[in-house]
Amino acid sequence: MAKDSRQIEGGLFPRKVVPVLIPMPAERAYSYALPEGVDAGPGQIVQVPLGPRLVSGIVWDGEADVINPDKLREITQVFDCPPIVEPMRRFIDWVSAYTLSPPGLVARMALRAPAAFDPEPMIEALRLTDVRPERLTAARERVLEHAGNGLAWSKSGLAHAAGVTPSVIDGLAKQGVFEPVKLPPPPVVAAPDPDFSPPALQAGQREAAEALRETVAKAGFSATLLDGVTGSGKTEVYFEAIAEAVQAGRQVLILLPEISLTAQFLDRFHARFGTRPAEWHSELAPRMREKVWRQTAEGQVKVVAGARSALFLPFADLGLIIVDEEHDPAYKQEDRVFYNARDMAVVRARLANIPVVLASATPSIESRVNAAQGRYQHLLLESRYAEAELPDLKLVDLRRHAPARGGFLSPVLLKAIEETLARKEQSLLFLNRRGYAPLTLCRVCGHRFECPQCSSWLVEHRFREQLQCHHCGHTERTPNACPSCGTLDHLAACGPGIERIAEEADRHFPDARVIVLSSDMMGGTKRLRIELEAIAKGEADIVIGTQLVAKGHNFPLMTLVGVVDADLGLSNGDPRAAERTYQLLSQVTGRAGRTGRKSHGLIQTYQPQHPVMQALASGDPQAFYERETDERNRAALPPFGRLASVIISAATRPEAETHARGLRAAAPVMPGIMVLGPAEAPLALIRGRHRFRLLVHGERGRDMQGFIRQMLSRGPKLRGSVQVQVDIDPQSFL
DNA sequence: AGCACGCCGACT
DNA sequence: GTCGGCGTGCTC
């Protein structure tokens, strides 16, 4: 440790100086002096003065920087809190280096529970003494009866149990019948019981579960891809791995995409382990957040189910990580610290020397490749659970089976809906586009309605009589007259949205009960839950939905799925477009066929030869995955090269584009750097500023950061900011 | 990330 | 003449 000497009244008092990571984007830990008689080792959470305020930080490893002694300030408090363990500290360092973000910002994610660093207050409780009351009333008798088991009770708890008012207990306490005792705060969740309700597993499941249990029992780092079609019982299988880890007394983290963290999942866990896991997500109430954080750090909470940020919880003794739906793009965080929680989970597991399980029905290309190359253990669940059977999928070639003029449902799909209605079964129509129509134009002058802020098309929402920009949230009232030429009632809606599909379905099947589900639905999540329950009870015949219907929710009565436009999203410049489309459509069509009844899927497309469509129709994605892997290999995209994206933001779109062009032109100057062109999010409006994103392929992110700074300093002065984000690179961390 | 300092437009 | 916008810089 560095020593600082300070002259105080003629004497020399050396003070111990330690590095402290501050929740702020500084490149290094700051140096702070420890007050005399106080010690704090690496991992200890402390409070330090920073400018005019006090912040909390983590004492870091290594030597503190030697700084100007006049600037050196003292740690103001060492919290009574378990220190952040060594593997977690190495994890923070690793994520910082990998994502090119300052370590303090990464540490900040681990300290997201401001009031949790002080111990939870003890609970005031009462315990029966040997003293008996002078006069015994009926109420007092009931209280004594309930409290007679030797346990301590909270005042209100005992009053409630005995059916008396708290004043009865006050009276008894005054006479010394009860003595006050302090109890430790109650755990947020009960301890899970690994033997609570072991499931009866099917043949395929049993072997996979056995393999996972062995992996967990062996301990040590390993990564396993648990790959099984929808409905094959992946959850039951990884629950067995969890049971093994819990049995060994270690902690478990289950990562889920935010949207999958539903009551349904928690109930399933409860059914298996007799208690719910602790939850961790953005909606958690602050008080609860603190309790979960604290009890996780103390090792009291054994299982946490959480969204991606749960990866930064300070587990005392983490023994297993599960990443469910590992392909889900929601694992990517794209602000401040850019990371993919799935990949970082593998890193955390490696640094903690524990197993990690990645589960998905439609694994990402990266994970497939890692499994194929033997980096990950590969467990395959091939058959569907119980009577559930995958729907048989057929492509509908829209060139041959064109919908009627002004419509979007082909005769083939309409006939299938009709037959499904006749059998009194449910149909699901999927279209990943909210609103009525994605483009509105004037039939007289050709004027297109564009967003005044970001120049993308405005989407008509006919039900709300609004035009909305799905990029920046701008809305305006749908006008009657063209704002350009003034002609009345000559506006034409182009292309379909789910509202328009609902209109078409109503027209063809006026007696059918149609429900529209989308994320912008009036009434929010509460209304959505009600609608979902109604659907499950059979109170709808045709469900029309966006992306939202692909996730989590089960529709037990659904026997037909129609994909209205399977080509949507295939040509948006995203290098993962094909993969995403395949995953999305597999999940949507997987919603059907859980009834035991024969179910069907019809996929409308103009490109029936496209590898995605072929993979869906054949039910065998192997060829598609191989082809996609080859393509990426050729383009040096993940998983084969390090990929970074540069985000340029500027005040206007032309400005952003100018800078983007400049960067692309300058890229060849820098050896090893290749700019691949606008992709993934070609244009997005964030806080009123235009952003232009390029994917850059290069080996060393930090070099690239320097290169971009240099390049921009040579060119015209940039208005706006440049950020470099390193995207996935699963090969470099194993 | 916060928060202060500092330099140019519309206003009590 | 001030109040207030956000650009730049600093925090052990």
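Keep in mind it's a predicted model, so treat the numbers as computed, not measured. Proteins come first, then strands; the chains are lettered A, B, ... in the order of their sequence lines, and each starts at number 1.
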Between [atom2] on [N] and [atom1] on [X], what's the gap in Å once rounded to a whole number?
X      : N      : atom1 : atom2 : value
A/L105 : B/dA1  : CG    : P     : 6 Å
A/M24  : B/dG2  : CE    : C1'   : 10 Å
A/L50  : B/dA1  : CG    : C1'   : 10 Å
A/Q47  : C/dC12 : CD    : P     : 14 Å
A/R15  : C/dC12 : CZ    : C1'   : 11 Å
A/Y30  : C/dT11 : OH    : C1'   : 5 Å
A/E27  : C/dT11 : CD    : P     : 15 Å
A/M109 : B/dA1  : CE    : C1'   : 14 Å

[X], nearest nucleotide to its side chain (from [options]):
X     : options               : result
A/K71 : C/dC12, B/dA1, C/dT11 : C/dT11
A/P52 : C/dC12, B/dA1, B/dC3  : B/dC3
A/P25 : C/dC12, B/dA1, C/dT11 : B/dA1

Inset, instruction - May I ask you to say whether A/R342 pairs ionically with A/E326, meaning some side-chain N is under 4.0 Å from a carboxylate O? - result: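 Yes, this pair counts.
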Legend entry - A/Q251 and A/D317 side chains, donor-acceptor separation under 3.5 Å: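 No pair is found: no donor N or O on one side chain lies under 3.5 Å from an acceptor on the other.
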Inset, instruction - Name the nucleic acid region contacted by A/P49, choosing base, sugar-phosphate or nothing; use a 4.0 angstrom heavy-atom cut-off, strictly under. - result: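 A/P49: backbone/sugar contact only, no base atoms under 4.0 Å.
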Legend entry - Charged tip of A/R289 within 45° of A/W280 ring normal and under 6.0 Å: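 A/R289 over A/W280 ring: yes.
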Legend entry - Spatial distance of atom OG (A/S309) from atom CZ (A/R112) [nearest 0.5 Å]: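 Atom-to-atom, A/S309:OG and A/R112:CZ are 7.5 Å apart.
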